[in-house]
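First the structure, in the form of C-alpha cells, and then the observations on it.
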Amino acid sequence: MAKKDLRTYRGMRDFLPGQMRRRDYVFSVLREVFEAHGFEKIETPAIELWEVLSGKYGEEEKLIYRFKDRKGREVGLRYDLTVPLARFVAQHRSELVFPFKRYQMERVWRADRPQKGRFREFYQCDVDIVGTSSLLADAEIVFIIYHALRRLGFEKFLIRINNRKLIAALHRRLGEGDEFSLARAMDKFDKIGAQGVREELLSRGFSPRAAELVLKSMGLSSLEQARSFFGDEEGVKELEELFSYIRAMGIPGDFYSYDPTLARGLDYYTGPIFETVVEEPKIGSITGGGRYDGLIGSFAGMDIPATGTSLGVERIIAVMEELDMFPSEIPPPAHVLIAHFPDTKEEALKLASRLLASGIRVDVYSGDKGLRAQLGYAADKGIPLVAIVGEEIKKGEVSLKDLKSGNQQRMGVDSLEKYIKGLYYSDFK
RNA sequence: GUGAGCGUAGCUCAAUGGUAGAGCAUUGGACUGUGGAUCCAAGGGUUGGGGGUUCAAAUCCCCUCGCUCACCCCA
C-alpha cells in the first residue's frame, strides 16, 4: 500500500493540546472584554452563496475559495466576517435591536500564499456596531481594541486612525489619477518612505506636482495640521469629534494617533479607519477596520451604517508566543490525577466521582500501567497533584503527591477535597 | 502571481562522489506502590518524485512537486 502523505493542506494547521490551551486563553479574554462592553455573540455559516461574496472585496476577490455545489450552485468560503454580517443584518433586521453590537470569533479562508503569521485558514475576531452613524460607535470600537490588547498584556502598540473621506478630499484636490491607486501608494509609506511613495506615485501616472501635494499631506502630524491643510472638510470634523470621545474614554495618548498615511486595502470603507501595529516583532497589523456605511445597504436596500474592527487573533497569538506573553498559570488539563492499582479501581472511580461532584477538575488514569507510569503521565500532562488510591483507602485515606515539590502526605478523603479546593478554587471558603 | 533558500526515519538533524546513521518518539523487556529516568532489544528509509552525468549519487546537473521566507496584498 502506498504511504499516506502525512501533511495538512497548505496554509492550514493542526493545534496540539498545549497550543490549544494558549489559544483558548486568548479567545476567552477577548470574549470577556467584548461582553463587558455589551456586545453579543453570533455565528454565521462557513459557506455563503457566491452572489453574497462577489463584488465586495475588489482586487482581493480572487483569493476567495470558490466552487460549485452538487447542484451546480456557485458558493464560496467566507473571506471575512464583515460581509457575512452585512448579509445577516439585512436578513434578520426585524429581529435585531439597534444599534446592534455583535462579536464573532470564527474561521475564515483565503487562498493566499502563506508566510509568517499568515494562513489560508484562520480565526478572526470581529466586533461591529450596526445601525448608527454616530461617531460614538467608532470611538467605542477604538476603546475595545485598546481594552482587549491591554487585557492580553500588550504594553506597547499604536492604533493608527485616519478617515477615508480625507483621502477622497485629497484626491479631489489633486484632480487627477485614481483614488484607489492613490490610497495604495500612500499606504506604503511605512515600508518605502517618502521618496519611495513619490516614485510609486510617479510610476502610477501621477504628476510631480500631485506627488508633492500628497507628500505634504502625509507629513501632517496632528489634527490641527490636518485642519489647516484640508480646511473645514467633513473628514476633519469627524476625526476631531472622534478624538474628543477617545480622550474622554481615557485612552493614554501614546496608544493612538492620527495617521494620514493609513489607507486600508478593502473597497468598502467610507469613514474613519483604524489599524493597530506593534513594533516588535515585525508582523504587520494586528487589527484593522473602519466605518463601512454602504455595505449593508447593498444587501438591505436601505441605508444601514456600520463600523467595526477585526482583531487578527492569529497574529496576536504569534506576537504573544514570540514575546512569551502568556501567563504561566494557564489552567492545567486537570488539577489532580487519580492513580490506582489493579485492586483499587472501583475505589478510584468513587473518589473521582466525589471530587467531580464538588467541582474539582479530575483526571482518572485510564490506562493499565503501574504507578511509575501514572506519575510520569501526570508530569507529562502538567497535572500538579496525584492522589494515589492504594491499600490505605481501606482506612478512608489516600496519598497525595505534589509533583512540583515532591512532597507526599496521607490524608482522609474529606481533607483531600478541602485541600485541593483551597489550593485551586479561590472562591472556596 | 514574482523572487530566494531548503527537502535524508513519525520529529530534530548527521553522513563534504565510495557500506544511509544518531538523538528523541514508538514497541517489548530489566520493573505489579512512587515522576519527564537508566540499561538492553526491536521495528521504522525507493534520501520528496522523475530523468541525466559517473565504475559509483543523499551529495553534481536538469525537470517537477512540496515546504519556508520575502515581495504583491492582507489579519
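Below, read A as the first sequence line, B as the second, and so on, with proteins coming before strands; counting in each chain starts at 1.
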Do the side-chain N or O atoms of [X] get closer than 4.0 angstrom to the phosphate oxygens (OP1, OP2) of [N]?
| X | N | answer |
| --- | --- | --- |
| A:Lys62 | B:rC73 | no |
| A:Arg118 | B:rU68 | no |
| A:Lys381 | B:rG36 | no |

Say we look at [N] and [M]: how far apart would their [atom1] atoms be, to the nearest angstrom?
| N | M | atom1 | answer |
| --- | --- | --- | --- |
| B:rG3 | B:rU8 | C1' | 27 Å |
| B:rU68 | B:rC73 | P | 22 Å |
| B:rG10 | B:rG49 | P | 13 Å |
| B:rU38 | B:rG21 | C1' | 23 Å |
| B:rG66 | B:rG44 | P | 30 Å |
| B:rA42 | B:rC24 | P | 16 Å |
| B:rG29 | B:rG43 | C1' | 15 Å |
| B:rG7 | B:rC13 | C1' | 13 Å |

For A:Tyr146 together with A:Tyr256, are the ring centres under 6.0 Å from each other? no
B:rA75, B:rA70, B:rC73: which one has an atom nearest the side-chain heavy atoms of A:Gln115? B:rA70
Under 4.0 Å, heavy atoms only, any strand: does A:Lys188 hit a base, just the sugar-phosphate, or nothing? sugar-phosphate
Assign A:Tyr377 to base, sugar-phosphate, or nothing according to its heavy-atom contacts below 4.0 angstrom with the strands shown. nothing
Tell me: [atom1] of [X] to [atom2] of [N], nearest whole Å?
| X | N | atom1 | atom2 | value |
| --- | --- | --- | --- | --- |
| A:Phe119 | B:rC73 | CZ | C1' | 17 Å |
| A:Glu121 | B:rA75 | CD | C1' | 14 Å |
| A:Arg204 | B:rC73 | CZ | P | 7 Å |
| A:Arg113 | B:rC65 | CZ | P | 12 Å |
| A:Tyr9 | B:rG66 | OH | C1' | 13 Å |
| A:Ile273 | B:rA75 | CD1 | P | 12 Å |
| A:Ile286 | B:rA75 | CD1 | P | 13 Å |
| A:Tyr269 | B:rC73 | OH | C1' | 14 Å |

dist A:Ile159:CD1 -> A:Ile145:CD1 (nearest 0.5 Å) comes out at 5.0 Å
So CD1 of A:Ile273 and CG of A:Leu166: to nearest 0.5 Å the spacing works out to 9.0 Å
Which nucleotide, if any, forms a Watson-Crick or G-U wobble pair with [N], using both distances under 3.5 Å?
| N | result |
| --- | --- |
| B:rA58 | none |
| B:rG21 | B:rC13 |
| B:rG36 | none |
| B:rU68 | B:rA4 |
| B:rG43 | none |

Is any NZ, NE, NH1 or NH2 atom of the basic residue among [X] and [Y] found under 4.0 Å from an Asp or Glu carboxylate oxygen of the other?
| X | Y | value |
| --- | --- | --- |
| A:Glu314 | A:Arg13 | yes |
| A:Glu238 | A:Arg291 | no |
| A:Arg31 | A:Asp24 | no |

Criterion side-chain hydrogen bond (donor to acceptor under 3.5 Å, both in side chains) on A:Arg23 and A:Tyr123, from CA distance to verdict: CA-CA 10 Å; A:Arg23 292 176 66 83; A:Tyr123 277 82; over 6 Å; no
Less than 3.5 Å between a donor and an acceptor, one on the side chain of A:Arg315 and one on the base of B:rC74, is that the case here? yes
Tell whether A:Arg10 reaches the base of B:rU68 with its side chain through a donor-acceptor pair below 3.5 angstrom. no
Please verify the inter-ring angle class for A:Tyr377 with A:Tyr365; under 30° counts as parallel, over 60° as perpendicular, anything in between as tilted. perpendicular
Parallel, tilted or perpendicular: ring planes of A:Phe100 versus A:Phe98, cut at 30 and 60 degrees: perpendicular
Taking for each residue the nucleotide of RNA chain B bearing the nearest heavy atom, is the 5' side occupied by A:Phe122 or by A:Asn407? A:Asn407
Sequence-aligned protein contact record of nucleotides 25-34 of chain B, with B where the base is within under 4.0 Å of a protein heavy atom and S where only the sugar-phosphate is: --------BB
